[in-house]
*Asks:* 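Got a structure here, written out as structure tokens. Questions coming.
Chain A is the first sequence line, chain B the second, and so forth, proteins listed ahead of strands; every chain is numbered from 1. What's counted below: heavy atoms across the whole structure, side chains too, no hydrogens, waters or symmetry copies.
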There are 2 protein chains.
Amino acid sequence: MSVRHALLALLAEGPKYGLRLRQEFQAQTGEVWPLNVGQVYTTLHRLEKEGNVESDEVDGTQKRFRITAEGSRELQRWLHTPPDTDAPPRDELVIKVQVALRMPGVDVMELLQVHRRHMVEAMQRYTHLKAETPPGEVGLGLVIDAQLFRLEGIVRWLDAAEARLRHLPDQSWAASDVDLAPDTGSLRQRANALGGNR
Amino acid sequence: MSVRHALLALLAEGPKYGLRLRQEFQAQTGEVWPLNVGQVYTTLHRLEKEGNVESDEVDGTQKRFRITAEGSRELQRWLHTPPDTDAPPRDELVIKVQVALRMPGVDVMELLQVHRRHMVEAMQRYTHLKAETPPGEVGLGLVIDAQLFRLEGIVRWLDAAEARLRHLPDQSWAASDVDLAPDTGSLRQRANALGGNR
DNA sequence: ACACAGTATTATACCGAGTACACATCCCTC
DNA sequence: GAGGGATGTGTACTCGGTATAATACTGTGT
């Protein structure tokens, strides 16, 4: 979703060949965000098909890619367009907790704890990694920070979830099919409360 | 990635037909996480192909899906396996900032501000939505909380990024191709600092 | 000089999640 | 009994991503 534009940006600095793009991408983000070799070429080809990139003549074994005017425009457009904040991504962990709530015989509290511990451990690893990356590596630093803040948010959410569930009558969560008819229920139609944005 | 297991879990409560699954999924997560009709059937079919689900005989116009023993096992396995914390997801916003850093003529600080404002606005919308959802709706509450914590993490990251860039010699970030040879550079091979986990 | 190994570079076949849209059926009403 | 709307299912397609094939270059030992 975003590798495309990253490559476009690297090409905006001048024509490069495929693997060079991968090198430069990974030079910024280090071992944290590896980039599959194949993906470079697939996205490059897709970019070419869309007219955002042109490929120069083959020079020996390697091929040079150039950004087009169209590509530059697309890049600028993307840069200044904030990402969609409605329709939040379907988070795996959140779904897992939802599932655990409905399933009988699953100790939700323990599940929360297990995952919390896991997240905290990951945070420690990244904190350590952060400590030993030279302060000049701005790109890598930003990536690590992003991961740290993300993990911290998850931990906080887990805590909030635990609190929420603790102050709740036992089992009151399971299967609130209140507005579901026994077999053929009608879809809940709530007014879209998020209309104000797009 | 996770809708699959959500459907599996709903089927663990008993055989259901396709649209029923969609109803129940959306009953928990409300308008925040809509579920495309087609996706229900595509994932259902994929689950069937993997042997996690069986489809009963067609009863009139609708078709009943049952979970298999294999499916139950898979569900349990998934429930207790924490998600991968190495290889963090490639975040669009982070990439955007990275790109902005390298591109000449882009006001990075302003870009940070624009996106920060956008995130805060989204948070306000979700806070409002949260305020008006009945406390009984645990599922929806959890989803909204998750989104709020996520957005808050992003805002904090943006602030940290701004601070980091402010205390940096001007333009010292652009294109740190330190270890890239002029044309054919060798890939940076840093010791994998994240080995301790898997 | 030749075989062999390794690696750099590109290309392609494939997969899974997700979307749009078409198709079929039932039921209600006029 | 002919629309019309809700209900229910299926399919063709896009898109990001991965694994792996295919090809050419480079060095090394004997």
*Asks:* Between C1' on C/dT19 and CG on B/L35, what's the gap in Å once rounded to a whole number?
*Replies:* 11 Å
*Asks:* What verdict does the side-chain contact (heavy atoms from CB on, under 4.5 Å) test give for B/H118 and B/V114, after you've listed the backbone C-alpha separation in whole Å, the side-chain angles of each residue and the deciding distance to 0.1 Å?
*Replies:* CA-CA 6 Å; B/H118 203 258; B/V114 168; 5.7 Å; no
*Asks:* Please report the distance, rounded to the nearest Å, between CG in B/L19 and P in C/dC23.
*Replies:* 18 Å
*Asks:* For A/Y17 and D/dT23, give me the distance from atom OH to atom P, rounded to whole Å.
*Replies:*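 After rounding, the gap between these two atoms is 21 Å.
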*Asks:* What is the distance, to the nearest angstrom, from the CG atom on B/D91 to the P atom on D/dG16?
*Replies:*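 Result: 16 Å.
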*Asks:* May I ask you to decide if A/Q124's main-chain N or O and A/H128's side chain share a donor-acceptor pair within less than 3.5 Å?
*Replies:* no
*Asks:* Hey, is A/K63 close enough to A/D56 for a salt bridge, meaning N to O under 4.0 Å?
*Replies:*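 No, no charged N to carboxylate O under 4.0 Å.
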*Asks:* Go through the steps to decide whether B/R73 and B/Q76 satisfy the test side-chain hydrogen bond (donor to acceptor under 3.5 Å, both in side chains), and finish with yes or no.
*Replies:* CA-CA 5 Å; B/R73 252 177 287 122; B/Q76 289 297 329; over 6 Å; no
*Asks:* Taking the side chain from A/R66 and the backbone from A/L11, do they hold a donor-acceptor pair closer than 3.5 Å?
*Replies:* no
*Asks:* Can you sort out the partners of B/K16 under salt bridge (Lys or Arg N to Asp or Glu O under 4.0 Å), two or more places apart, ordered by chain and number?
*Replies:* B/E13, B/E24
*Asks:* What does the inter-axis angle of the helix from C/dA1-D/dT30 to C/dC30-D/dG1 come out as, five pairs per end, nearest 10 degrees?
*Replies:* 20°
*Asks:* Report the residues that fulfil side chain to side chain donor-acceptor pair (under 3.5 Å) with A/Q113, sequence neighbours left out, ordered by chain and then residue number.
*Replies:* A/E162
*Asks:* If I take atom CH2 in residue A/W33 and atom P in nucleotide D/dG17, what distance separates them, rounded to the nearest angstrom?
*Replies:*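 Result: 11 Å.
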*Asks:* When you compare the side chains of B/E92 and A/H5, does any donor N or O come within less than 3.5 Å of an acceptor on the partner?
*Replies:*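 No - no donor-acceptor pair under 3.5 Å links their side chains.
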*Asks:* Nearest to the A/H45 side chain among C/dA11, C/dT10, D/dG8, which nucleotide is it?
*Replies:*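 Comparing C/dA11, C/dT10, D/dG8 against the side chain of A/H45, the answer is C/dA11.
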*Asks:* Over how many whole Å does the gap from A/L44 atom CG to C/dT12 atom P extend?
*Replies:* 13 Å
*Asks:* Less than 3.5 Å apart, any donor N or O on the side chain of A/Q98 or B/T29 sitting next to an acceptor on the other?
*Replies:*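 There is no such pair between these side chains.
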*Asks:* Taking only heavy atoms on the protein side, list every residue of residues 66-74 of chain A lying under 4.0 Å from any atom of DNA chain D, sorted numerically.
*Replies:* none
*Asks:* Starting at NZ of A/K63 and ending at P of D/dC25, how long is that distance when rounded to a whole Å?
*Replies:* 16 Å
*Asks:* Between B/R156 and B/E152, does at least one N-O distance fall below 4.0 Å, as a salt bridge requires?
*Replies:* yes
*Asks:* With sequence neighbours left out, what residues match A/D145 under salt bridge (Lys or Arg N to Asp or Glu O under 4.0 Å)?
*Replies:* A/K130, B/R164
*Asks:* For D/dG10, take OP1 and OP2 only and decide whether either is under 4.0 Å from a side-chain N or O of B/Y41.
*Replies:* no
*Asks:* Separation of B/D56 atom CG from D/dG8 atom P, in whole Å?
*Replies:*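 About 17 Å, once rounded to whole Å.
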*Asks:* Identify the pairs formed between an N or O of the protein and an N or O of nucleotides 15-18 of chain C at a distance under 3.5 Å, and give each distance.
*Replies:*
from, atom 1, to, atom 2, distance (Å)
C/dA17, OP1, B/R4, NH1, 2.7
C/dA17, OP2, B/R4, NH1, 3.3
C/dA17, N7, B/R46, NH1, 3.4
C/dA17, N7, B/R46, NH2, 2.9
C/dG18, OP2, B/Q39, NE2, 2.2
C/dG18, O5', B/Q39, NE2, 3.2
C/dG18, N7, B/R46, NH2, 3.1

*Asks:* Please work out if A/G18 contacts a base, only the sugar-phosphate, or nothing of the nucleic acid, heavy-atom cut-off 4.0 Å.
*Replies:* sugar-phosphate
